[in-house]
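None of these values were measured; they are calculated from a predicted model. Numbers here simply count residues along the sequence, with the first being 1. Whatever order the structure lists ligands and atoms in, that order sets their numbers, starting from 1. The analysis underlying the following values was restricted to heavy atoms, covering all of them including side chains, and did not include hydrogens, waters or symmetry mates.
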Amino acid sequence: MDSLKIIGGQPLSGEIPISGAKNSALKLMAACLLTAEPVTLTNMPNLADTRFLSQLLQTLGVEVYWPKGDSECRLNAENLTSTIAPYEQVRKMRASFNVLGPMLARYGHATVSLPGGCAIGARPVDLHLQAFEAMGADLLVEQGYVKAAAIHGLKGAQIVFPFVSVGATEHAMLAATLAKGETVLENAAREPEIADLADCLISMGAKIEGAGSSTITIQGVDELHGTHHKVMSDRIEAGTYAMAVAAAGGHVTLTNAPVGALSAINHALRNAGVKVEADKDAGTIEIETTGQPLTAVNVDTAPHPGFPTDLQAQFMALMSVARGTSIIRENIFENRFMHAPELSRLGANIAVRGSEAIVTGVEKLKGAPVMATDLRASVSLVIAGLAAQGETTVSRIYHLDRGFERLEEKLSAVGANIRRTRDEDEG
Ligand code: UD1
């Protein structure tokens with residue numbers, strides 16, 4: 001297993017290019033199952049998760065042309081050989097579950113393993129299943145699999161989500177594109193990735209209005225066609241690098257950045273005393289520290305346009321070196337503070353009480369060996385390591401490789417002392 005070795009204390013300066021958004025790419029890839037024509041995605045991030053979904057799609061019979069390292073991926077689902085997504089593949093990455101809706105909508109049946117829990121919480125898929133049932137699907141959950149059938153096709157439905165779910169909104173939207181009649185999704189998630197998915201589906205011939213707002217209306221069509229679509233840039237990656245610069249100090253321009261999607265993050269950073277200059281037309285965000293200590297800021301995670309849960313761990317790392325006490329509330333997932341004890345190993349002062357972490361800033365963190373527990377938690381340890389004095393080793397970074405493209409290369413290019421090593425002693 002690989003580790004990252006970081007010698008902290010180097011200010012960062014230069015440019016960091018932001019990659020395509022993992023969370024968008026995964027749903028866009030699933031969309032290829034809705035059509036017999038090729039779907040070409042550009043600005044594709046080369047990540048363990050996107051490569052992994054590409055393998056699952058190939059298992060289903062999708063032809064995938066995506067040379068290693070290439071940012072363009074061509075998917076052709078003309079001849080599916082199976083509509084069964086096996087446990088061995090779905091359990092490794094939850095977003096694989098999103099192949100269910102498109103296959104059900106196009107073929108009238110699909111069998112997909114339940115994804116199971118994950119490190120950050122139970123993460124059920126009940127809202128996804130309720131949406132398909134409302135669209136007339138018969139569902140049977142047996143031996144860990146969801147067997148879904150809609151022999152005469154899915155029907156449009158009025159679906160009111162009891163709470164906001166990104167995955168359920170996207171999944172229902174995917175399926176509704178080929179349902180008969182109108183589907184209205186109420187209390188829909190408003191994450192920018194949902195608008196990106198809708199834009200792609202519209203370019204395939206889908207009729208969708210309101211994506212990005214809490215009411216999405218979809219008029220089903222008989223079939224969809226192929227398309228070329230550019231994956232939006234990754235707002236979580238951009239926010240992560242912004243926080244890395246804020247923690248380590250320096251002056252960095254993020255390029256190819258999804259400027260409009262970062263308001264809550266830019267707001268929190270400015271409150272902490274970081275200079276943030278966003279240029280929407282140029283797609284750049286300049287991050288600059290002032291040399292003064294950061295100010296403690298409270299944040300509450302919330303569905304978009306609130307502060308994203310996927311940046312909570314990174315912000316906690318930043319607040320570990322701010323002056324004063326900040327309260328960080330996690331409102332989306334029940335078990336998302338596993339990075340707190342690891343940050344404490346670097347000298348952070350964090351007390352966790354239920355869904356609240358109370359972070360009292362310290363003057364300096366000190367390098368130590370730490371262990372990654374999930375994707376965003378692992379990058380929070382990298383941020384802390386960049387700010388800390390001395391050497392930090394982050395082990396189990398396969399979590400990090402799931403969602404950050406060429407992380408050590410991008411950080412080294414702006415002056416960070418970070419390198420990948422292979423652990424001999426971990427099983
Ligand atoms: C997506 C993102 C993830 C992000 C999350 C919240 C992808 C691949 N992942 O995950 O990075 O952290 O949005 O912004 O896009 N829930 C249920 N029943 C359901 C569905 C969800 O109870 O059927 C709960 C979840 O356990 C969680 C909350 O609803 O507590 C929000 O989850 P959701 O928005 O669905 O997150 P994901 O789509 O899984």
Proximity to ligand 1 by part of L129, non-hydrogen separation under 4.0 Å: neither
At a 4.0 Å threshold, what atoms of ligand 1 neighbour a non-hydrogen atom of D310? 3 (C), 4 (C), 11 (O), 12 (O)
Is the closest heavy-atom distance from Q312 to ligand 1 below 4.0 Å? no
Report yes if the side chains of V414 and E15 come closer than 4.5 Å at any heavy-atom pair, otherwise no. no
If I apply the N/O under 3.5 Å rule, does F163 come out as touching ligand 1? no
The residue among D310, D234, D49 that forms salt bridge (charged side-chain N to carboxylate O under 4.0 Å, His left out) with K22 is D49
Check side-chain hydrogen bond (donor to acceptor under 3.5 Å, both in side chains) between T227 and all other residues, then give those that pass, not counting sequence neighbours. S203
Under a 4.0 Å heavy-atom limit, does M93 contact ligand 1 with its side chain, its backbone, both, or neither? neither
Which one holds for E334 and ligand 1: side chain close, backbone close, both close, or neither close, with close meaning a heavy atom under 4.0 Å? neither
Check each of L375, T301, N331, D126 against atom 18 (N) of ligand 1 and report the one with the nearest heavy atom. D126
In terms of atom number and element, which parts of ligand 1 are under 4.0 angstrom from non-hydrogen atoms of G167? 35 (O), 38 (O)
Do any N/O atoms on A95 end up under 3.5 angstrom from N/O atoms on ligand 1? no
Counting each atom of ligand 1 from 1 as listed, which ones have a heavy atom of L127 under 4.0 Å away? 18 (N), 19 (C), 23 (O)
Any chance you could lay out the salt bridge (charged side-chain N to carboxylate O under 4.0 Å, His left out) test for E142 and K147, step after step, and finish with the verdict? CA-CA 7 Å; E142 210 174 57; K147 296 181 177 172; 2.9 Å; yes
Hey, do the aromatic rings of F97 and H171 have their centres closer than 6.0 Å? yes
Any N/O of S165 closer than 3.5 Å to an N/O of ligand 1? yes
So between R376, K27, K22, H171, whose heavy atom ends up nearest atom 15 (O) of ligand 1? K27
Tell me, with the steps shown, if H339 and Q312 meet side chain to side chain donor-acceptor pair (under 3.5 Å). CA-CA 10 Å; H339 41 282; Q312 177 259 104; 2.8 Å; yes
Option of least heavy-atom distance to atom 6 (C) of ligand 1 (set: N23, I194, I236, T309): T309
Could you tell me which atoms of ligand 1, counted from 1 in the order shown, lie closer than 4.0 angstrom to a heavy atom of V125? 19 (C), 23 (O)
Could you check whether any heavy atom of A189 sits closer than 4.0 Å to an atom of ligand 1, since that is the contact criterion I want to use? no
Test side chain to side chain contact (heavy atoms under 4.5 Å, CB included), reference S320, set I383, I350, T360, output is I350
Which ligand 1 atoms does H128 reach within 4.0 Å, using its non-hydrogen atoms? 23 (O)
Judging by distance only, is a nitrogen or oxygen of A168 under 3.5 angstrom from one on ligand 1? no
Steps toward side chain to side chain donor-acceptor pair (under 3.5 Å) verdict (Q89, Q55): CA-CA 9 Å; Q89 289 182 295; Q55 278 167 22; 5.1 Å; no
Between atom CD1 of I159 and atom OG1 of T169, what is the distance when rounded to the nearest 0.5 Å? 10.0 Å
With a cut-off of 4.0 Å, which atoms of ligand 1 are near a heavy atom of R336? 12 (O)
With H229, which of N43, T40, D199, D196 fulfils side-chain hydrogen bond (donor to acceptor under 3.5 Å, both in side chains)? D196
Partners of S233 by side-chain hydrogen bond (donor to acceptor under 3.5 Å, both in side chains), sequence neighbours excluded? N256
